[in-house]
There are 2 protein chains.
Amino acid sequence: MNSAEGAQRRKAEEARDRILNVAERLFASRGFAGVSVRDITAEADVNLAAVNYYFGSKAGLLKAVFLRRATALNRERMAELQAVVDAHPSGALPLPAVLRALLGPPVRWQFDPDRGLGVFIQFLARCQMEEEPELRALFYEDVEHLRRFIPALKRALPEMPEDEICWGLHFALGAMHHTFTHLPRLGPISQGRCHIGNRDEVIERMVEFATGGFEAARARITASAR
Amino acid sequence: MNSAEGAQRRKAEEARDRILNVAERLFASRGFAGVSVRDITAEADVNLAAVNYYFGSKAGLLKAVFLRRATALNRERMAELQAVVDAHPSGALPLPAVLRALLGPPVRWQFDPDRGLGVFIQFLARCQMEEEPELRALFYEDVEHLRRFIPALKRALPEMPEDEICWGLHFALGAMHHTFTHLPRLGPISQGRCHIGNRDEVIERMVEFATGGFEAARARITASAR
DNA sequence: GTCTATATTCGGATAGAC
DNA sequence: GTCTATCCGAATATAGAC
């Protein structure tokens with residue numbers, strides 16, 4: 001490769017990445033149908049034809065945006081979860097630690113100022129609602145990695161049957177997703193009293209809320225078993 | 001009014017309502033941008049021009065769908081909340097009862113088989129994300145009625161500062177909205193173990209989870225104040 | 001690889017007949 | 001009130017020059 005080719009490739013990669021970044025942000029805030037290829041190419045400062053050149057189609061671009069981040073997020077969650085398991089080779093797992101492995105990575109991404117991960121969770125939350133079959137399949141594969149939290153939650157809450165655990169998992173993810181997709185609403189509701197300034201504080205709030213929710217269900221179950 | 005006019009008016013009202021019902025359902029599942037006026041008129045079995053005739057524009061139709069239900073839902077929540085307040089004229093309010101007033105009506109609507117209210121909460125959750133200013137204003141007014149829950153929650157949790165209460169309110173609404181917008185995901189995650197068959201059971205699950213979340217925050221606060 | 005120009009479809013809205 | 005026909009802009013996608 002000579003230096004001209006190198007420069008060309010670097011430029012191409014930059015253009016491709018610019019498209020991905022802009023698309024991620026616009027899809028996150030307006031949804032797939034609410035964004036046109038023209039919106040994306042205009043903001044990314046590339047030619048209209050570039051999206052089709054690099055990604056084949058608008059749907060192809062959406063897939064690329066998803067795939068670029070999904071693996072890394074899942075890996076981060078799994079690594080945290082594994083660390084919790086390793087630290088407690090036997091006996092019960094501490095519930096907050098398990099929930100921190102579930103909720104921590106998305107929140108940290110949301111607040112990441114450097115790596116440009118800040119909108120991916122919003123992107124995810126919006127695109128998981130898309131109903132086009134091809135996209136559904138993509139997002140449903142992603143559900144599999146969430147299922148790996150179930151055994152861990154069972155070890156944290158031995159008394160709880162699996163369906164109860166799944167409900168709690170569902171509610172916890174809901175609180176998290178809602179927080180990011182409806183961030184603008186938090187201001188008016190609290191009239192400016194709630195600030196999402198501190199990353200770790202938000203994580204701890206969510207973990208605390210979800211832990212409390214699980215514990216309430218556990219209390220009911222152990223009480224009725226008595 | 002003669003009988004011919006009466007028949008005509010009935011027919012017109014039926015057509016108008018058919019449009020509202022179909023639009024509510026389609027907007028709920030695909031979002032505003034994901035549905036065309038043509039989709040709606042085709043499914044409602046009315047002419048393409050009918051939407052503009054009755055509602056002026058596509059955005060006007062969205063507003064109409066929203067306004068048709070919003071007042072009634074807010075009234076239901078407020079009536080339940082007032083009943084809790086009336087039952088406890090002084091002293092602390094029971095937290096689960098307050099949360100039931102917040103979460104119960106939407107869930108009951110979601111499960112309503114008769115009045116056709118079943119998709120409005122999904123519609124709400126999706127449309128609250130729309131960013132067109134005109135629509136934002138509409139949905140933001142709706143936030144005001146949520147703020148009326150804050151004094152009640154303060155009476156249920158006297159130790160908690162208002163920002164903590166707002167976070168909890170936010171998380172609780174998130175768990176509820178997520179449950180309805182992502183219902184199809186609950187199946188795969190739980191591999192069929194979670195059923196949303198029973199209305200009151202779902203309400204109690206949500207109330208329990210949210211109560212636990214608030215109580216966890218309360219416990220932290222009273223502990224640190226000690 | 002990049003761009004212009006364009007094919008083609010689809011979208012919202014409306015005019016005007018009935 | 002209802003319907004047909006149509007306008008016009010916007011959308012995705014592609015062909016072909018450079």
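We name chains A, B, ... by the order of the sequence lines, and we start the count at 1 in each one.
The minimum heavy-atom distance between A/Leu103 and A/Ala172, with the atom names listed, is CD2-O, 4.0 Å.
Geometrically, B/Lys58 engages B/Phe32 in a cation-pi contact defined by less than 6.0 Å to the ring centre and at most 45° from the axis.
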- [ ] For each nucleotide in nucleotides 12-18 of chain C, reading 5' to 3', give B when a protein heavy atom comes within less than 4.0 Å of its base, S when such contact involves only the sugar-phosphate, and - otherwise.
- [x] BBB----
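Taking atom OH of residue B/Tyr54 and atom C1' of nucleotide D/dC3, one finds them 12 Å apart after rounding to whole Å. When rounded to the nearest whole Å, the span between CG of B/Asp45 and C1' of D/dT2 equals 13 Å.
Remark: A/Arg205 engages A/Glu201 in a salt bridge, criterion side-chain N to carboxylate O under 4.0 Å.
In this structure A/Ala217 satisfies the side-chain contact (heavy atoms from CB on, under 4.5 Å) test together with A/Met160, A/Glu164, A/Arg220, B/Glu208, sequence neighbours excluded.
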Show me, pair by pair, the donor-acceptor contacts under 3.5 angstrom made by side chains of residues 35-44 of chain B, not counting sequence neighbours?
from: B/Ser36; atom 1: OG; to: B/Arg38; atom 2: N; distance (Å): 3.4
from: B/Ser36; atom 1: OG; to: B/Asp39; atom 2: N; distance (Å): 3.0
from: B/Ser36; atom 1: OG; to: B/Asp39; atom 2: OD1; distance (Å): 3.3
from: B/Ser36; atom 1: OG; to: B/Asp39; atom 2: OD2; distance (Å): 3.2
from: B/Asp39; atom 1: OD2; to: B/Arg30; atom 2: NH1; distance (Å): 3.3
from: B/Asp39; atom 1: OD2; to: B/Ser36; atom 2: N; distance (Å): 3.1
from: B/Thr41; atom 1: OG1; to: B/Val37; atom 2: O; distance (Å): 3.1
from: B/Thr41; atom 1: OG1; to: B/Arg38; atom 2: O; distance (Å): 3.2
from: B/Glu43; atom 1: OE1; to: B/Arg25; atom 2: NH1; distance (Å): 3.3
from: B/Glu43; atom 1: OE1; to: B/Arg25; atom 2: NH2; distance (Å): 3.1

